[in-house]
Amino acid sequence: MQRYSLPHLIRRGLRGQRGWTRAWRKAAPKPSYDVVIVGGGGHGLATAYYLAKLHGVRNVAVLERGWLGGGNVGRNTAIVRSNYLWDASAHIYEFSLQLWEGLSRELNYNVMFSQRGVLNLGHSAHDMHGLARRVGANKLNGIDAELLSTEQIARLVPILDTSAAARYPILGGTLQRRGGVARHDAVAWGYARAADALGVDIVEGCEVTGIRAAAGRVAALETTRGEIRAGKVGLVVAGNASVLAAMAGLRLPIQSHPLQALVTEPLKPVLDPVVMSSAVHVYVSQTDRGELVLGAGIDAPTSYDLRGSFRVIEHTLAATVELFPIFSRVRMLRQWAGTVDVCPDASPIIGPTPMEGLFVNCGWGTGGFKATPGSGWVFAHTLAHGQPHPLNAPFGLDRFAAGALIDEHGAAAVAH
Ligand code: FAD
Ligand code: PYC
């Protein structure tokens, strides 16, 4: 990887942006690869990077139908935390959080991981019971978690309406101090650059339109840039997982929904931690540029629409003002949606499929950004060995037949 000295960078900066090398090559697809990853989002790129780096599998392509980072990795609200309830989830998300803590150094790329804390609010005795249970479970798994009183929350975030007069009064909450936010695009770009440097072909503008099998195992992909043969294929296409799986004759237990986010005009710094309330259905963080990033629950109808409904926008803004009356006159700048792939238990599917050589990594729903490094790590292991890593073994497709569901609706923190 190229490294530049400071004087060199200053000289280049003053000269303008001539002579910069591309962060990753514009690769054309080869006729055949050992492994093809479908989907150039965060999870697909991280998988390719760890395949090449940790397993020496370098004859790898990442096929992306649009532009790199144009999917959910570039559309999400960038919240990173590991405070999930069940052991299997706690282990994989905590592993991922530990990777986040060293990711900028690992990739030699600043992913701007900012551990400003994630605060989850409780508004009823039922909420508080669930939050206390989760704090206990997190501590047993070595995850930092604190149960806060209303007074502690008022000191931490003075602009929250912590009065008893609020429609849904804040009765307490949980804080994960090691949680926070990262720069989502930088995560895609950093993994892409590092994977490319290890020889991975990143092929943009290449849509997979069919999956061909021979003698029961995956043989090739039909794409808009011709047929590509593959020893193994990993489908990592988030909201489009069921569409791709159907090409192999598989029906996944996944529903795709729009999930919206909104951004305001920039303000002076007023909000330090990320604040989430799954009862009032909103979460808010402030970016380094000062904008507030807001989000809500999913749009209930299944759809691939990238706008979402106005009803959810209205609800999100009403909930924001209810929690933070000080924001009532802030102007909104923009809004968008991404397509999220939701499993019945709000947990992902990472593992083999009934078609030999075909693997899926999907179902991260509203919460996969935080899992990007860990998901890539374990999926690379799964592809390289043909067997799940211990961390993703509980997340196989077989759990839906065995009834071994991992219900994380509470920890998902976004209503589905
Ligand atoms: P993507 O970036 O969507 O990658 C999948 C790629 O597959 C896409 O680029 C797509 O173009 C490509 N593709 C699809 N079909 C094909 C095809 N046929 N051929 C080739 N390529 C194809 N998670 C969190 O942890 N924290 C959050 O704060 C958070 N907030 C969110 C807010 C919003 C508004 C949304 C929409 C999601 C949020 N998420 C969050 C969820 C998170 O974004 C996703 O779970 C995660 O990004 C999905 O993995 P990915 O990055 O690989 O997906
Ligand atoms: O998983 O923390 C999360 C999250 C926040 C917003 C969307 N997903």
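Whatever order the structure lists ligands and atoms in, that order sets their numbers, starting from 1.
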Undergrad: Considering heavy atoms of the protein only, find what lies nearest to atom 18 (N) of ligand 1 and give residue, atom and distance to 0.1 Å.
TA: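 In this structure, atom 18 (N) of ligand 1 has Val208 O, 3.1 Å as its nearest protein heavy atom.
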Undergrad: Applying a heavy-atom cut-off of 4.0 Å, say which part of Asn240 lies close to ligand 1: side chain, backbone, both or neither.
TA: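 Looking at Asn240 and ligand 1, just side chain atoms fall under 4.0 Å.
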Undergrad: Can you list the atoms of ligand 1 that are under 4.0 Å from a heavy atom of Val38?
TA: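 Counting atoms of ligand 1 from 1, those under 4.0 Å from Val38 are 19 (N), 20 (C).
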Undergrad: Looking only at distance, does Val340 have an N or O less than 3.5 Å from an N or O of ligand 1?
TA: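 By distance alone, the answer is no.
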Undergrad: Find all atoms of ligand 1 within a distance of less than 4.0 Å from any non-hydrogen atom belonging to Lys370, and give their numbers and elements.
TA: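 Ligand 1 atoms under the 4.0 Å threshold to Lys370: 24 (C), 25 (O).
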Undergrad: Just say parallel, tilted or perpendicular for the rings of Phe95 and His389, cut-offs at 30° and 60°.
TA: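 The rings of Phe95 and His389 lie parallel, inter-plane angle below 30°.
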Undergrad: In the structure I gave you, are the side-chain heavy atoms of His55 and Leu383 within less than 4.5 Å of one another anywhere?
TA: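 With C-beta onward as the side chain, the pair stays apart.
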Undergrad: Considering both backbone and side-chain atoms of Lys370, is one of its nitrogen or oxygen atoms within less than 3.5 Å of a nitrogen or oxygen in ligand 2?
TA: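 So ligand 2 has an N or O lying under 3.5 Å from an N or O of Lys370.
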Undergrad: Please confirm whether the backbone N or O of Ser278 pairs with a side-chain atom of His281, one donor and one acceptor, at under 3.5 Å?
TA: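 Present.
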Undergrad: Please indicate whether any nitrogen or oxygen in Glu64 is less than 3.5 Å from any nitrogen or oxygen in ligand 1.
TA: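 N/O-N/O distance below 3.5 Å exists for this pair.
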Undergrad: Which protein heavy atom lies closest to atom 2 (O) of ligand 2, and at what distance to 0.1 Å?
TA: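 Scanning the protein heavy atoms, the shortest distance from atom 2 (O) of ligand 2 goes to Arg81 NE, 2.8 Å.
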Undergrad: Between Val236 and ligand 1, which residue portion shows a heavy-atom distance shorter than 4.0 Å: side chain, backbone, both, or neither?
TA: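 Only the backbone of Val236 comes within reach of ligand 1.
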Undergrad: If the threshold is 4.0 Å, N to carboxylate O, is there a salt bridge linking Asp288 and Arg116?
TA: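 Yes, this pair counts.
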Undergrad: Near Phe400 CZ, under 6.0 Å, is it more than 12 heavy atoms from other residues, nucleotides or ligands?
TA: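 Atom CZ in Phe400 is crowded, with more than 12 foreign heavy atoms closer than 6.0 Å.
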Undergrad: Does Ala371 reach ligand 1 with a nitrogen or oxygen that is under 3.5 Å from one of the ligand's nitrogen or oxygen atoms?
TA: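 Such a contact does not occur with ligand 1.
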Undergrad: Evaluate Gly367 for polar contact with ligand 1, using N/O atom pairs at a separation under 3.5 Å.
TA: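 Yes, at least one N or O pair falls under 3.5 Å.
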Undergrad: Taking ring-ring contact (aromatic ring centres under 6.0 Å, His included) as the criterion, tell me which of Trp377, Tyr50, Tyr109 meets it with Tyr191.
TA: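 Testing each of Trp377, Tyr50, Tyr109 against Tyr191, the sole residue satisfying ring-ring contact (aromatic ring centres under 6.0 Å, His included) is Tyr50.
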Undergrad: Would you call Cys206 a ligand 1 contact, heavy-atom distance under 4.0 Å?
TA: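 Within the 4.0 Å threshold, so yes.
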Undergrad: Identify the two heavy atoms, one from Asp345 and one from Arg399, that lie closest to each other, and give their separation to 0.1 Å.
TA: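 Here Asp345 and Arg399 meet closest at OD2-NE, 2.8 Å.
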Undergrad: Short list, please: which atoms of ligand 1 are under 4.0 Å from a heavy atom of Trp364?
TA: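 Counting from 1, the qualifying ligand atoms are 45 (O).
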Undergrad: Looking only at distances, please establish whether an N/O atom of ligand 1 is found under 3.5 Å from an N/O atom of Leu259.
TA: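 Leu259 vs ligand 1: no N/O contact under 3.5 Å.
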Undergrad: Give me the residue, atom name and distance of the protein heavy atom closest to atom 43 (O) of ligand 1.
TA: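 Atom 43 (O) of ligand 1 sits closest to the protein heavy atom Asn76 CB, 3.1 Å.
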Undergrad: Nearest protein heavy atom to atom 1 (P) of ligand 1, by residue and atom, and its distance?
TA: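 Heavy-atom neighbour on the protein nearest atom 1 (P) of ligand 1: Asn72 N, 3.3 Å.
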Undergrad: Is any N or O atom of Trp67, backbone or side chain, closer than 3.5 Å to an N or O atom of ligand 1?
TA: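 The answer is no, given that Trp67 and ligand 1 share no N or O pair closer than 3.5 Å.
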Undergrad: Which ligand 1 atoms does Gly42 reach within 4.0 Å, using its non-hydrogen atoms?
TA: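 Counting atoms of ligand 1 from 1, those under 4.0 Å from Gly42 are 50 (P), 51 (O), 52 (O).
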Undergrad: Can you list the ligand 1 atoms lying under 4.0 Å from a non-hydrogen atom of Gly39?
TA: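 In order of numbering, the contacting atoms are 6 (C), 7 (O), 12 (C).
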Undergrad: For the residue pair Val187 and Phe113, establish whether any side-chain heavy-atom pair is separated by less than 4.5 Å.
TA: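 No, their side chains stay 4.5 Å or more apart.
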Undergrad: Would Gly365 count as a polar contact of ligand 1, with the cut-off being nitrogen or oxygen pairs under 3.5 Å?
TA: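 Yes, there is a polar N/O contact under 3.5 Å.
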Undergrad: For Leu292, does its backbone N or O pair with a side-chain atom of Thr264 as donor and acceptor, under 3.5 Å?
TA: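 Yes, because the side chain of Thr264 sits within donor-acceptor range (under 3.5 Å) of the backbone of Leu292.
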Undergrad: Does Val208 reach the side chain of Val233, with side-chain heavy atoms less than 4.5 Å apart?
TA: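 A side-chain contact under 4.5 Å is absent here.
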Undergrad: Please determine whether the number of non-hydrogen atoms from other residues, nucleotides or ligands lying under 6.0 Å from atom NE2 of His126 exceeds 12.
TA: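 Not more than 12 within 6.0 Å, no.
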Undergrad: Checking a contact table here: which protein heavy atom is nearest atom 13 (N) of ligand 1, and how many Å away?
TA: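 Here the closest protein heavy atom is Val237 CG1, 3.7 Å.
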Undergrad: Enumerate the atoms of ligand 1 whose separation from the nearest heavy atom of Arg75 is less than 4.0 angstrom.
TA: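 Those atoms are 33 (C), 34 (C).
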Undergrad: Say whether Thr77, considering both its backbone and side-chain N or O atoms, lies within less than 3.5 Å of an N or O atom on ligand 1.
TA: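 It does: an N or O of Thr77 is found under 3.5 Å from an N or O of ligand 1.
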Undergrad: Does any N or O atom in His43 lie less than 3.5 angstrom from one in ligand 1, N or O only?
TA: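 Yes, there is a polar N/O contact under 3.5 Å.
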Undergrad: Can you confirm whether Arg307 is buried at CZ, in the sense that more than 12 heavy atoms of other residues, nucleotides or ligands lie under 6.0 Å from that atom?
TA: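 Not more than 12 within 6.0 Å, no.
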Undergrad: For the residue pair Val111 and Arg183, establish whether any side-chain heavy-atom pair is separated by less than 4.5 Å.
TA: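 The answer is no, as the side chains (C-beta and beyond) never meet within the 4.5 Å cut-off.
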Undergrad: Please write down residue, atom name and distance for the protein heavy atom closest to atom 40 (C) of ligand 1.
TA: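 Nearest protein contact, heavy atoms only, for atom 40 (C) of ligand 1 is Thr366 O, 3.0 Å.
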Undergrad: Salt-bridged, Arg22 to Asp196, with N to O below 4.0 Å?
TA: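 The answer is no: the pair does not qualify as a salt bridge.
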Undergrad: Looking at Asp201 and Arg25, is there a salt bridge between them, counting it only when a charged N and a carboxylate O are closer than 4.0 Å?
TA: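 The answer is yes: the pair qualifies as a salt bridge.
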Undergrad: If we only count heavy atoms from C-beta on, is the Ile202 to Glu64 side-chain gap below 4.5 Å?
TA: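 They are not in contact (no side-chain heavy atoms under 4.5 Å apart), so the answer is no.
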Undergrad: Note the single closest protein heavy atom to atom 42 (C) of ligand 1, along with its residue, its atom name and the distance in Å.
TA: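 Going atom by atom, the protein heavy atom closest to atom 42 (C) of ligand 1 ends up being Phe369 N, 3.5 Å.
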Undergrad: Within the 4.0 Å heavy-atom shell around Gly367, which atoms of ligand 2 are there?
TA: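 With Gly367 as reference, the close atoms of ligand 2 come out as 1 (O).
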Undergrad: What is the nearest protein non-hydrogen atom to atom 26 (N) of ligand 1, stated with its residue, atom name and distance?
TA: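 Nearest neighbour among protein heavy atoms for atom 26 (N) of ligand 1, to 0.1 Å: Ile79 O, 3.0 Å.
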Undergrad: Could you tell me if Glu408 and Tyr93 have a donor-acceptor pair between their side chains, going purely by distance under 3.5 Å?
TA: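 No, because no side-chain N or O of Tyr93 sits under 3.5 Å from a partner of the opposite role on Glu408.
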Undergrad: Distance alone, cut at 3.5 Å: any donor-acceptor contact between the side chains of Thr174 and Asn83?
TA: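 The answer is no; no qualifying pair exists.
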Undergrad: Assess whether atom CD of Gln387 is packed by more than 12 heavy atoms of other residues, nucleotides or ligands within 6.0 Å.
TA: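 Check fails, neighbour count at 12 or below.
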Undergrad: Among all protein heavy atoms in this structure, tell me which lies nearest to atom 4 (C) of ligand 2, with the distance rounded to 0.1 Å.
TA: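 Result for atom 4 (C) of ligand 2: Thr366 O, 3.8 Å.
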Undergrad: Using distance alone, determine whether Gly70 and ligand 1 share an N or O pair under 3.5 Å.
TA: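 Between Gly70 and ligand 1, no N or O pair is found under 3.5 Å apart.
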Undergrad: Counting from 1, what ligand 1 atoms have a heavy atom of Ala238 closer than 4.0 Å?
TA: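 Near Ala238, meaning under 4.0 Å from one of its heavy atoms, ligand 1 has 3 (O), 48 (C), 53 (O).
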Undergrad: Short list, please: which atoms of ligand 1 are under 4.0 Å from a heavy atom of Leu244?
TA: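 Within the 4.0 Å cut-off of Leu244, ligand 1 contributes 15 (N), 18 (N).
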Undergrad: Tell me the contacting part of Tyr283 for ligand 2: side chain, backbone, both, or neither, using a 4.0 Å heavy-atom threshold, strictly below.
TA: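 Looking at Tyr283 and ligand 2, just side chain atoms fall under 4.0 Å.
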Undergrad: Taking non-hydrogen atoms only, is Ala78 closer than 4.0 angstrom to ligand 1 via side chain, backbone, both or neither?
TA: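 Just the backbone.
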Undergrad: Can you tell me the protein heavy atom closest to atom 16 (C) of ligand 1 and the distance?
TA: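 Sorting protein heavy atoms by distance from atom 16 (C) of ligand 1 puts Arg65 CD, 3.7 Å first.
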Undergrad: Determine whether Leu358 and Leu250 make a side-chain contact, defined as any pair of heavy atoms from C-beta on separated by less than 4.5 Å.
TA: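 Result yes, sub-4.5 Å side-chain heavy-atom pair found.
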